[in-house]
Asks: 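Let me begin by handing over the structure; questions about it come next.
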Amino acid sequence: MNKHTYLDILLPEIKMLLTQPHTVLVDVREPWEFEEFNEGGINIPLSQIRQRRHELEPFQTIVVICTNGVRSKVAAMDYTRVASWSDKTILHVKGGILEAE
């Protein structure tokens with residue numbers, strides 16, 4: 001049995017990925033952080049990722065981001081454990097938004 005896993009990507013790759021159909025960027029920071037600055041996408045705080053999974057059902061590729069990559073890595077690992085999502089591509093932005101600075 002193959003274990004579903006996520007792949008690390010770098011921040012500059014987001015723009016190209018988001019031009020692909022059925023792709024979503026999920027920012028798992030708190031709403032105030034998202035309002036302060038963001039790379040786009042939708043804001044689903046880490047504490048709400050399980051309750052709001054249904055919002056991501058239509059997407060084939062899920063890109064997860066946060067400030068420095070810690071919370072988004074937790075979210076990416078959680079998303080890979082969803083049995084019905086074994087065909088989805090889960091991507092994690094390594095280093096987060098700060099990686100580009």
Side-chain angles (χ1 to χ4, degrees):
M1 181 170 107
N2 287 340
K3 182 181 176 193
H4 188 214
T5 187
Y6 64 87
L7 299 172
D8 285 331
I9 62 167
L10 298 176
L11 188 62
E13 296 175 72
I14 289 177
K15 284 186 175 45
M16 187 275 303
L17 281 169
L18 294 180
T19 64
Q20 304 300 313
H22 310 292
T23 299
V24 64
L25 177 63
V26 180
D27 190 319
V28 296
R29 298 175 302 146
E30 293 300 314
W32 68 268
E33 294 173 286
F34 185 77
E35 290 170 11
E36 205 169 271
F37 66 94
N38 64 72
E39 296 294 325
I42 61 173
N43 180 221
I44 302 178
L46 183 60
S47 62
Q48 299 174 13
I49 61 170
R50 291 185 178 176
Q51 299 91 318
R52 295 179 58 188
R53 271 190 200 144
H54 65 279
E55 295 177 39
L56 305 179
E57 285 294 333
F59 300 98
Q60 182 58 38
T61 302
I62 301 169
V63 183
V64 192
I65 192 169
C66 69
T67 302
N68 61 14
V70 175
R71 287 176 280 183
S72 55
K73 187 173 187 176
V74 170
M77 286 190 294
D78 185 77
Y79 289 155
T80 63
R81 293 183 183 120
V82 179
S84 61
W85 286 12
S86 63
D87 63 331
K88 292 187 186 293
T89 301
I90 311 296
L91 302 172
H92 165 254
V93 180
K94 187 176 180 179
I97 293 170
L98 295 179
E99 182 245 40
E101 292 183 354

Asks: Looking at every heavy atom in both His22 and Pro58, which two are closest together, and how far apart are they?
Replies: ND1-O, 4.1 Å

Asks: For Gly69 and His92, which heavy atoms make the closest approach, and how far apart are they?
Replies: O-NE2, 3.0 Å

Asks: Show the nearest heavy-atom pair for residues Val28 and Cys66, with the distance to one decimal.
Replies: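 Closest pair (atom of Val28, atom of Cys66, distance): CG2-CB, 3.9 Å.
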
Asks: Taking salt bridge (Lys or Arg N to Asp or Glu O under 4.0 Å) as the cut-off, I'd like each qualifying pair that reaches into residues 9-29, sequence neighbours left out, listed once.
Replies: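 For residues 9-29: Asp27-Arg29.
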
Asks: With clusters defined by side-chain heavy atoms of hydrophobic residues (ILVMFWY) lying less than 4.5 Å apart, directly or transitively, does Ile42 cluster with Ile9?
Replies: no

Asks: Should we say atom NZ of Lys88 is surrounded by more than 12 heavy atoms from elsewhere, each under 6.0 Å from it?
Replies: yes

Asks: Below 4.5 Å, heavy atoms only, C-beta onward: do Ile62 and Tyr6 meet side chain to side chain?
Replies: no

Asks: Flag yes if Val93 and Leu7 sit in one hydrophobic cluster, no otherwise; membership is Ile, Leu, Val, Met, Phe, Trp, Tyr, and two members link when side-chain heavy atoms are under 4.5 Å apart.
Replies: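 In one cluster with Val93: Leu7, yes.
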
Asks: Same cluster or not: are Val63 and Phe37 linked, directly or through other Ile, Leu, Val, Met, Phe, Trp or Tyr residues, by side-chain heavy atoms under 4.5 angstrom apart?
Replies: yes

Asks: Do His4 and Thr80 pair up side chain to side chain, a donor and an acceptor below 3.5 Å, judged on atom types alone?
Replies: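 Thr80 and His4 do not have a side-chain donor-acceptor pair below 3.5 Å.
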
Asks: Which atom names give the shortest non-hydrogen contact between Val24 and Leu18, and what distance separates them?
Replies: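 For Val24 versus Leu18, the nearest heavy atoms are C-CD2, 4.2 Å.
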
Asks: Are any side-chain N or O atoms of Gln60 and backbone N or O atoms of Pro21, one a donor and one an acceptor, separated by less than 3.5 Å?
Replies: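 No.
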
Asks: Hey, is the main chain of Asp8 close enough, under 3.5 Å, to the side chain of Lys73 for a donor-acceptor pair?
Replies: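 No, because the side chain of Lys73 does not come within donor-acceptor range (under 3.5 Å) of the backbone of Asp8.
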
Asks: Nearest 0.5 Å, what's the CD1-CD1 distance between Ile65 and Ile97?
Replies: 4.5 Å

Asks: Quick one: pull up CE in Met77 and OG1 in Thr5 and give me the separation to the nearest 0.5 Å.
Replies: 9.5 Å

Asks: What salt bridge (Lys or Arg N to Asp or Glu O under 4.0 Å) pairs are there with at least one residue in residues 31-42, not counting sequence neighbours?
Replies: Glu33-Arg71

Asks: Are Leu56 and Val82 connected in a single hydrophobic cluster, I mean Ile/Leu/Val/Met/Phe/Trp/Tyr linked by side-chain heavy atoms less than 4.5 Å apart?
Replies: yes

Asks: Might you confirm whether atom CZ of Arg50 has over 12 heavy atoms from other residues, nucleotides or ligands at distances under 6.0 Å?
Replies: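 Atom CZ in Arg50 is not packed in, count stays at 12 or less.
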
Asks: Determine the minimum heavy-atom distance between Gly40 and Phe34, stating which atoms define it.
Replies: O-CE1, 3.7 Å

Asks: In Å and rounded to the nearest 0.5 Å, what is the CD1 to CD1 distance from Ile44 to Ile49?
Replies: 9.0 Å

Asks: Hey, does Asn38 have a side-chain heavy atom less than 4.5 Å from the side chain of Asn43?
Replies: no

Asks: Please, which pairs that meet salt bridge (Lys or Arg N to Asp or Glu O under 4.0 Å) have at least one residue in residues 59-70, sequence neighbours excluded?
Replies: none

Asks: Applying a strict under-4.5 Å side-chain criterion to I, L, V, M, F, W and Y, I'd like to know whether Ile90 and Val26 cluster together.
Replies: yes

